Number of protein chains: 2
Amino acid sequence: MADTPTLPNLTVQQLEYMVAVAAAPTRAAAAARVGVTASALTQGLAELERRVGVPLFERHGRLTRLRPQAAEVLAHARRVVAETRDLARWAEARRTGAAGTVRLGTIDAVAIHHRAETVRSHRRAHPDLDLRLTVAPSGSLLDALQVGDLDLVVCVEPSDFIEGIDTILCLEEPLHAYAPDGAAGGPPEEWGPWVTYPTGSHTRGVIAAGLTVLGAPFEVVAESNQPDVLREMVRLGMGWSVLPEAQAEAGPEPLARVRRRPIGLRRLVVVRRSGAPPDPAVDGLANVLVSG
Amino acid sequence: MADTPTLPNLTVQQLEYMVAVAAAPTRAAAAARVGVTASALTQGLAELERRVGVPLFERHGRLTRLRPQAAEVLAHARRVVAETRDLARWAEARRTGAAGTVRLGTIDAVAIHHRAETVRSHRRAHPDLDLRLTVAPSGSLLDALQVGDLDLVVCVEPSDFIEGIDTILCLEEPLHAYAPDGAAGGPPEEWGPWVTYPTGSHTRGVIAAGLTVLGAPFEVVAESNQPDVLREMVRLGMGWSVLPEAQAEAGPEPLARVRRRPIGLRRLVVVRRSGAPPDPAVDGLANVLVSG
DNA sequence: GAGTAAGATTCAGAGAAACTAAATTATTGA
DNA sequence: TCAATAATTTAGTTTCTCTGAATCTTACTC
């Protein structure tokens with residue numbers, strides 16, 4: 001009893017030896033299969049036998065075979081080796097990013113237009129990846145990222161530097177001005193009034209700056225975070241708007257631009273927390289999001 | 001890929017550490033539970049993490065906890081530890097003789113009379129013991145023992161020394177002479193004719209020697225290996241016989257002895273193969289058979 | 001039978017792994 | 001700031017495990 005205070009400290013290596021000798025005709029062959037010398041195999045199996053505490057092998061002529069009672073141990077060995085193989089596969093998938101969890105947050109334009117197909121095909125290529133998508137305005141996304149509720153964000157680049165995050169440029173998106181039917185034509189001084197994103201919105205900041213440069217007044221009569229709502233407001237004649245081309249001109253009845261050149265560019269960036277431990281699953285998704 | 005040519009060489013010890021830290025609030029407590037220092041636990045888990053190749057732990061304040069993704073590894077660890085515990089129990093049973101296989105051969109008198117209760121209670125005390133009983137004449141039993149078809153034999157001691165077997169005296173059984181009704185009474189010279197065991201029987205040898213010493217002729221008119229058959233032959237008046245008391249005088253109508261003192265003693269011995277590897281299950285049964 | 005080859009084990013030594021004890025770092029709370 | 005707690009790092013020792021060489025045993029061949 002004193003020689004087995006706890007559990008026998010078997011190693012996967014030893015169990016592998018056991019499985020190998022059961023499968024191979026000779027020990028030399030088994031040794032070759034697991035890639036060690038016959039000597040190592042002998043010693044390893046002797047150690048296994050010692051730790052189990054029950055005789056497992058016997059010599060028949062110049063072969064040594066398993067004793068019948070070793071069948072129990074062999075079955076155990078097979079189970080553990082198989083499970084360890086599964087574990088190794090799982091670990092490999094985790095290491096390469098083929099499996100894992102990524103909590104992705106994007107603004108609507110990215111999820112619906114720019115990277116919709118990218119996300120879809122990445123998900124298809126990695127069926128074991130647990131991908132959770134949150135769609136929200138840029139500010140909310142960055143807050144969630146900093147708190148640790150998200151792993152990866154695609155949003156409009158914030159105007160102020162933010163501590164603790166790394167950003168990579170993903171794409172630059174032109175913002176065009178759109179007017180209700182029949183209202184276009186005058187100089188910028190006569191444009192408006194406007195329907196646009198709420199105060200605090202990153203995109204609104206870009207729009208305000210662009211209009212100011214052109215000398216257009218920026219009187220806001222309605223707000224929404226949803227570009228399709230803003231588009232319908234323009235169509236209803238409530239006011240003018242500056243919108244991403246992809247969202248203003250999508251659908252059966254696209255709005256018409258007030259002028260050919262954009263009012264401004266909004267920079268969409270891929271963002272991660274600086275301090276976060278490296279995670280191949282996040283890396284992989286970030287890469288495809290950047291490269292498109 | 002080059003760092004994992006085969007399988008990660010995890011040890012049961014490491015998996016035990018993993019299970020312990022999952023169950024205990026702190027690492028120090030886990031270390032105490034498995035009976036090592038906190039340092040050993042730290043190093044062992046670091047090694048496990050390195051071999052799996054996936055980060056498993058993270059520090060929260062001054063505690064280090066399992067990361068969520070370690071759940072897979074923990075499940076694996078629990079399975080393997082549990083199975084190893086089962087294996088250890090099985091091995092312990094084998095070591096002590098509580099489990100295993102014993103192929104026992106005995107002559108009929110032993111199985112039916114002298115050691116019937118011994119075998120029954122031994123079997124009851126060791127439910128996991130696979131006990132196989134063969135009943136045959138002594139000669140057959142010893143042949144089977146030498147060939148390896150039996151592990152343990154209880155039979156009449158052979159008159160000649162036999163190479164390769166170890167015998168221990170179990171009990172000495174008196175053999176008495178019995179005559180058909182009304183035939184008893186005369187001097188030994190007038191005894192007979194006889195019904196007895198076949199030529200070659202160990203018991204027949206003992207009987208022949210005993211009768212010769214008394215001066216009785218040994219004319220044989222019928223033979224059988226079965227004592228109950230011999231007893232019935234006596235009852236039918238076919239001849240006299242010399243039988244073990246236990247078999248001649250059992251049942252509702254016991255035979256009557258010709259004289260009070262036995263004709264001879266047959267020595268029943270417990271026999272094992274000399275070269276056989278030690279087997280606690282066989283040892284255990286041999287012990288109770290000898291001591292009765 | 002001697003000679004030889006195959007299968008396996010034993011031995012000695014080198015390198016890796018794992019443990020303990022002590023020193024160190026980091027965090028929490030008074 | 002001080003002390004206590006949790007864990008890790010470091011240094012040194014012991015234990016494992018492997019390779020390569022030598023040995024032992026068994027089977028086969030001439």
Side-chain angles (χ1 to χ4, degrees), chain A residues 2-53 55-67 70 77 81 275 277, chain B residues 2-53 55-67 70 77 81 275 277:
Chain A
D3 65 18
T4 311
T6 64
L7 238 44
N9 183 20
L10 311 182
T11 71
V12 168
Q13 189 91 214
Q14 289 162 354
L15 298 176
E16 230 185 328
Y17 289 175
M18 180 107 193
V19 172
V21 292
T26 71
R27 288 203 156 185
R33 163 183 303 219
V34 294
V36 297
T37 61
S39 171
L41 199 83
T42 294
Q43 295 173 81
L45 288 173
E47 185 62 23
L48 172 67
E49 196 172 34
R50 200 185 63 70
R51 291 184 187 176
V52 172
L56 300 175
F57 306 97
E58 62 190 348
R59 297 202 66 152
H60 279 299
R62 60 183 173 186
L63 288 312
T64 100
R65 311 305 312 262
L66 288 171
R67 305 175 79 144
V81 167
Chain B
D3 65 19
T4 312
T6 64
L7 238 45
N9 184 19
L10 311 181
T11 72
V12 168
Q13 188 92 215
Q14 289 163 353
L15 298 176
E16 229 184 328
Y17 289 176
M18 180 108 192
V19 172
V21 292
T26 70
R27 288 202 157 186
R33 165 184 302 218
V34 294
V36 296
T37 61
S39 171
L41 198 83
T42 294
Q43 296 173 79
L45 289 174
E47 186 60 25
L48 173 67
E49 195 172 34
R50 199 184 63 70
R51 291 184 186 176
V52 172
L56 300 175
F57 307 97
E58 61 190 350
R59 296 201 67 151
H60 280 298
R62 61 184 172 185
L63 286 314
T64 101
R65 312 304 313 258
L66 289 171
R67 305 174 80 142
V81 168

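All of these numbers come straight from a predicted model, not from anything done at the bench. So that the names make sense, note that chain A is the first sequence line, chain B the second, and so on, each numbered from 1.
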- Item | Closest-nucleotide 5' rank along DNA chain C - winner of B:Arg50 and B:Ala38 | B:Arg50
Between the protein and nucleotides 20-22 of chain D, list every N/O to N/O distance that falls short of 3.5 Å.
residue	atom	partner	partner atom	Å
D:dG20	O6	A:Ser39	OG	2.7

- In chain order, what residues pass the side-chain hydrogen bond (donor to acceptor under 3.5 Å, both in side chains) check against B:Ser39, with sequence neighbours excluded? B:Gln43
- Message: Quick check: do A:Thr11 and A:Leu15 have side-chain heavy atoms less than 4.5 Å from each other?
- Response: no
- A:Thr42: partners by side-chain hydrogen bond (donor to acceptor under 3.5 Å, both in side chains), with sequence neighbours left out: none
- Item | Atom-pair distance (CD on A:Gln13; C1' on D:dT19), nearest Å | 14 Å
- Query: Just how far is it from atom CZ of A:Arg67 to atom CZ of A:Phe57, taken to the nearest 0.5 Å?
  - Reply: 10.5 Å
- Under the side-chain contact (heavy atoms from CB on, under 4.5 Å) test, residues paired with A:Ala30 that sit two or more places apart: A:Ala20, A:Val21, A:Ala24, A:Leu41
- Task: Quickly work out the B:Glu47 CD to D:dC16 C1' distance and round it to whole Å.
- Result: 13 Å
- Query: Which residues, if any, of residues 15-36 of chain A bring a heavy atom under 4.0 Å of DNA chain D?
  - Reply: A:Tyr17, A:Val36
- Item | Per-nucleotide protein contact string for nucleotides 24-30 of chain D, where B marks a base within reach and S marks sugar-phosphate only (heavy atoms under 4.0 Å, - for neither) | --BS---
- Between B:Gln14 (CD) and D:dC16 (P), how many Å, whole number? 15 Å
- Message: Closer than 3.5 angstrom, by distance alone: can the side chain of A:Glu49 be matched with the main-chain N or O of A:Leu56 as a donor-acceptor pair?
- Response: yes
- Task: Carefully, step by step, assess A:Leu7 and B:Glu16 under the rule side chain to side chain contact (heavy atoms under 4.5 Å, CB included).
- Result: CA-CA 9 Å; A:Leu7 238 44; B:Glu16 229 184 328; 4.1 Å; yes
- Task: Could you tell me the separation between the CG atom of B:Leu63 and the C1' atom of C:dT28, rounded to a whole number of Å?
- Result: 11 Å
- Excluding sequence neighbours, so at least two apart, what forms salt bridge (Lys or Arg N to Asp or Glu O under 4.0 Å) with B:Glu47? B:Arg50, B:Arg51
- Message: Could you tell me how far apart B:Glu58 (CD) and C:dA26 (C1') are, to the nearest whole angstrom?
- Response: 17 Å
- Message: It should be established whether B:Arg65 places a side-chain nitrogen or oxygen under 4.0 Å from OP1 or OP2 of nucleotide D:dA6.
- Response: no
- Query: Atom CD of A:Glu49 and atom P of D:dT17: how far apart are they, to the nearest Å?
  - Reply: 15 Å
- How many Å lie between CG on B:Leu10 and C1' on C:dA17, as a whole number? 14 Å
- Minimum-distance pair of heavy atoms, taken over all atoms of B:Met18 and B:Leu66: CE-CD2, 3.6 Å
- Message: Rounded to whole Å, how long is the line connecting atom CG of A:Asn9 with atom C1' of C:dA18?
- Response: 10 Å
- Which listed nucleotide (C:dA18, C:dA8, D:dT8) is nearest to the side chain of B:Thr42? D:dT8
- Task: Using the side-chain hydrogen bond (donor to acceptor under 3.5 Å, both in side chains) rule, collect all pairs that involve residues 21-37 of chain B, keeping only residues at least two apart or in two chains.
- Result: B:Arg27-B:Thr64
- Please examine the side chains of B:Leu48 and B:Tyr17, heavy atoms only from C-beta on, and report whether any two atoms are closer than 4.5 Å. no
